[in-house]
Protein chains: 2
Amino acid sequence: MFTHAEENYLKAIFHLEQELQGEVSTNAIAEQMETKPSSVTDMVQKLADKELLSYKKYKGAILTAAGRKTAADVIRKHRLWEVFLVDKLNFHWDEVHAIAEQLEHIQSEELIERLDRFLGSPDFDPHGDPIPDQHGNIKRTEKKLLSELDKGKRGVCVGVKESSSDFLQYLDRKKITIGTKIHVLGKEFFDGSMMLQVGKDQFFISKKTAENLFVQIQES
Amino acid sequence: MFTHAEENYLKAIFHLEQELQGEVSTNAIAEQMETKPSSVTDMVQKLADKELLSYKKYKGAILTAAGRKTAADVIRKHRLWEVFLVDKLNFHWDEVHAIAEQLEHIQSEELIERLDRFLGSPDFDPHGDPIPDQHGNIKRTEKKLLSELDKGKRGVCVGVKESSSDFLQYLDRKKITIGTKIHVLGKEFFDGSMMLQVGKDQFFISKKTAENLFVQIQES
DNA sequence: AAATATTTTTAGTCTTAGCTAAAAATAAAA
DNA sequence: TTTTATTTTTAGCTAAGACTAAAAATATTT
Ligand SMILES: [Mn+2]
Ligand SMILES: [Mn+2]
Ligand SMILES: [Mn+2]
Ligand SMILES: [Mn+2]
């Protein structure tokens, strides 16, 4: 139906739209896609012709319903394949993104339906991100950044914002993964760093780390 | 490493080379790939530049060791994915080819190693074709076409030459699949048709059918 | 051996998706 | 409100991989 390039653009725009809560600029897309703004202008105009997004010169792009559905389908495939790689092939959660980036473009409705069933229709991928359903609906859960928790609060890790290998391997060393209980023992106003209790261990994390970990608050 | 187009050409040339036992012509490649001879000339020259095949104008192409290895890797991936689709996702053997045609281009050594292990390192794909190993070696088995068997001989179906949906579905209706025992009750010299016993059933098949079924002879 | 047919290559065009450099529009600063 | 800076678009180029039409080489007939 669509080329890999088109799908990658739609996916990027979809993510940026959430993040920025509105239309996304040429430059923002270029940065996300690691390409040049002029290339983005070209592609955005093509996608507008195909009515996958609406676009006004100098104003930015916003997905149409059709574009949003296509993007959600690609994201669904990406995340289902990530589950496959981790659950079935025993990949580590920091190794799967690049492969899923390719697998997400395989075209076959039947394949994805069967893969979904084979995996037990998971709701979240290995990074805690929700998997859109067949209709493109995404379960929005009420999660917060760890950095938003105050001293004394408890939460369960439900996802990561960044999923670079560096960050995920750092989390592994700290024994933090999806489902891990985290207790905020202290919070420094000066630099936003935090003292955590995770299992038996206590340690400091930086503001940057706290801003890249999603937690669900545990009422106590 | 290589583009989808390059990989598809190498695979086609690999298959033709076996079939024709020697260098393959531009036209033969064009027919296999369902493209134009002029397009083939272009690509063959590019592949020759990359030393994946050797090629002399008007004489045809023959793979180098590097080209043969690359082709075998693609075929390995194709056939492993077919096993995955049939064994794990319960696809029927006539539905998997088009999807494997896409999956064979996913680039990740690690993925294929793990997939192979996950599938129990199968030796054959769902159509009875041998799966090359990591080094590109293919187990050549002594199989014959059913049409080569004489009256009274017995064989086990070990593969199909054609794997079109039409043919595979016909075989299903006749209850013939990989592993099925076949007894040749009679053979007509006039048109090459055969009378078979398969399980409790007896029926005629055409010469064309007999020429597209591979069997391993059962010594009795 | 010459004529004809077939195969293969070349030349030129198209589309997709990228790039750079320059121009135009918009935003921010003085 | 000019001037300056930033963002975005346009114009023109490139490479891959397809195509058609024409030319050249090879094969087959007569
Ligand atoms: Mn991708
Ligand atoms: Mn993910
Ligand atoms: Mn293919
Ligand atoms: Mn097969």
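Computed from a predicted model, the values in this text were never measured in an experiment. Naming convention: chains lettered A, B, ... in sequence-line order (proteins, then strands); numbering from 1 in each chain.
For A/Tyr9 and A/Phe2, the ring centers are positioned 6.0 Å apart or more.
Atom NE2 of B/His4 is separated from atom C1' of D/dA16 by 13 Å (rounded to the nearest Å). Look at CD on A/Glu6: it is 15 Å from P on C/dT15, rounded to the nearest Å. In this entry the distance linking NZ of B/Lys56 with C1' of D/dA24 reads 20 Å, nearest Å.
Using modelled atom types and a 3.5 Å distance limit, the side chains of B/Gln32 and B/His15 yield no donor-acceptor pair.
Picking from C/dT8, D/dT7, D/dG17 the nucleotide with the shortest atom distance to the side chain of B/Asn27 gives C/dT8. Here the side chain of B/Thr3 is nearest to one of D/dT8, C/dT16, D/dA16, namely D/dA16. The nucleotide whose nearest atom lies closest to any side-chain atom of A/Thr41 is, among C/dT8, D/dT10, D/dA16, D/dT10. Side-chain atoms of A/Tyr58 lie closest to C/dT26 of the nucleotides C/dT26, C/dT8, C/dT16.
Under a cutoff of 6.0 Å and an axis angle of 45°, B/Lys88 and B/Phe118 form a cation-pi pair.
Distances shown here put a side-chain N or O of A/Lys57 below 4.0 Å from the OP1 or OP2 atom of D/dT10.
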Polar-atom pairs under 3.5 Å, protein N or O versus N or O of nucleotides 18-22 of chain C: list them with distances, or write none.
{"from": "C/dC19", "atom 1": "OP2", "to": "A/Thr35", "atom 2": "OG1", "distance (Å)": "2.7"}
{"from": "C/dC19", "atom 1": "OP2", "to": "A/Lys36", "atom 2": "N", "distance (Å)": "3.3"}
{"from": "C/dC19", "atom 1": "OP2", "to": "A/Ser39", "atom 2": "OG", "distance (Å)": "2.7"}
{"from": "C/dT20", "atom 1": "O4", "to": "A/Ser38", "atom 2": "OG", "distance (Å)": "3.0"}

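More than 12 heavy atoms of other residues, nucleotides or ligands sit less than 6.0 Å from atom NZ of A/Lys143.
Each of A/Lys77, A/Lys69, A/Arg76 was checked for a salt bridge (Lys or Arg N to Asp or Glu O under 4.0 Å) with A/Asp73, and the lone residue meeting it is A/Lys69.
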message: Does A/Asp125 form a side-chain hydrogen bond (donor to acceptor under 3.5 Å, both in side chains) with A/His78? I'd like the steps, not just the answer.
response: CA-CA 9 Å; A/Asp125 84 359; A/His78 184 107; 5.9 Å; no
